[in-house]
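Bear in mind the structure is a predicted one, so any value in this text is a computation, not a measurement. Counting from 1, the numbers follow the sequence of the chain as shown.
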Amino acid sequence: MKISEINIDLVKPKDGLIGFASLVIDESIYLGSIGVMKRLDAESYRLVFPTKKIGNRNFNFFFPINNEAGRLLESAVSEKLIEIINSNEKNNQLL
């Protein structure tokens with residue numbers, strides 16, 4: 001699975017949510033509105049995939065169907081997020 005075009009929009013942190021990610025899989029499928037949450041260990045991140053509540057039921061728009069795919073997505077987004085954080089820290093030091 002090739003993951004590309006990863007974009008992360010950071011938000012003001014609230015209840016662990018720090019941003020929303022979008023990405024492209026195999027140059028064919030766009031996935032967006034993926035919540036990026038800080039884990040309790042504060043060293044890693046987890047992804048929350050979009051759902052819609054209708055009545056008492058939640059319907060998933062999309063989600064990884066196996067652990068390997070979930071880990072690949074989480075790893076790719078985490079790498080991009082760390083790159084963004086490091087870049088922001090570097091830019092703030094220059095000011």
Side-chain angles (χ1 to χ4, degrees):
M1 175 168 56
K2 180 182 175 194
I3 302 168
S4 61
E5 298 182 42
I6 301 168
N7 292 304
I8 300 174
D9 294 318
L10 298 175
V11 298
K12 183 177 179 181
K14 182 177 180 185
D15 298 328
L17 178 69
I18 61 166
F20 290 94
S22 64
L23 51 90
V24 174
I25 296 178
D26 293 334
E27 298 179 4
S28 302
I29 300 170
Y30 170 85
L31 303 178
S33 300
I34 302 168
V36 181
M37 306 281 293
K38 191 167 227 169
R39 292 188 190 268
L40 293 177
D41 65 14
E43 296 292 323
S44 60
Y45 306 93
R46 69 181 181 96
L47 304 181
V48 179
F49 296 91
T51 62
K52 177 151 182 100
K53 186 169 188 161
I54 299 177
N56 292 331
R57 295 188 62 196
N58 286 327
F59 293 92
N60 297 310
F61 287 99
F62 56 84
F63 58 93
I65 59 172
N66 60 50
N67 289 335
E68 180 183 357
R71 281 192 296 274
L72 286 172
L73 293 172
E74 200 170 89
S75 175
V77 170
S78 291
E79 286 177 23
K80 182 66 171 186
L81 181 58
I82 289 167
E83 178 184 312
I84 290 169
I85 290 169
N86 289 339
S87 174
N88 285 344
E89 287 176 357
K90 181 180 177 184
N91 289 336
N92 288 338
Q93 289 175 354
L94 297 175
L95 297 177

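Follow the hydrophobic side-chain contacts under 4.5 Å out from Leu72 and you reach Ile29 in the same cluster. In the hydrophobic clustering of this structure, Leu31 groups with Leu47; members are Ile, Leu, Val, Met, Phe, Trp, Tyr whose side-chain heavy atoms approach within less than 4.5 Å, directly or through other members. Linking Ile, Leu, Val, Met, Phe, Trp and Tyr whenever their side-chain heavy atoms come within less than 4.5 Å puts Ile6 and Leu81 in one cluster. Neither Val11 nor Ile34 shares a network with the other; the hydrophobic side chains, linked directly or stepwise wherever heavy atoms of I, L, V, M, F, W or Y lie under 4.5 Å apart, form separate groups for each. Clustering ILVMFWY residues whenever any of their side-chain heavy atoms sit less than 4.5 angstrom apart, transitively, puts Leu40 in a cluster other than the one holding Met37.
Contact record, Phe62 with Phe49: O-CB, 3.3 Å, taken as the closest heavy-atom pair. Heavy-atom minimum distance, Gly32 versus Pro50: O-CG, 3.9 Å. Considering every non-hydrogen atom in both Ser44 and Arg39, the closest pair reads OG-CD, 2.8 Å.
Grouped by direct or indirect side-chain proximity (heavy atoms under 4.5 Å, Ile/Leu/Val/Met/Phe/Trp/Tyr only), Phe59 sits with Ile54.
Contacts of Asn86 classified as side chain to side chain contact (heavy atoms under 4.5 Å, CB included), with partners at least two apart in sequence or in another chain: Ile82, Glu89. Evaluation of the side chain to side chain contact (heavy atoms under 4.5 Å, CB included) rule for Ile84 yields Ile8, Leu10, Lys80, Asn88 as partners, not counting sequence neighbours.
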Under 3.5 Å donor-acceptor pairs involving side-chain atoms of residues 15-28, not counting sequence neighbours:
unit_1, atom_1, unit_2, atom_2, d
Asp26, OD1, Lys2, N, 2.7
Glu27, OE2, Lys2, NZ, 2.5
Ser28, OG, Asp26, O, 2.8

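Legend: side chain to side chain donor-acceptor pair (under 3.5 Å) pairs involving residues 52-67, not counting sequence neighbours: none detected. Listed by first then second residue, pairs satisfying salt bridge (Lys or Arg N to Asp or Glu O under 4.0 Å) with a partner in residues 62-72 number zero, not counting sequence neighbours.
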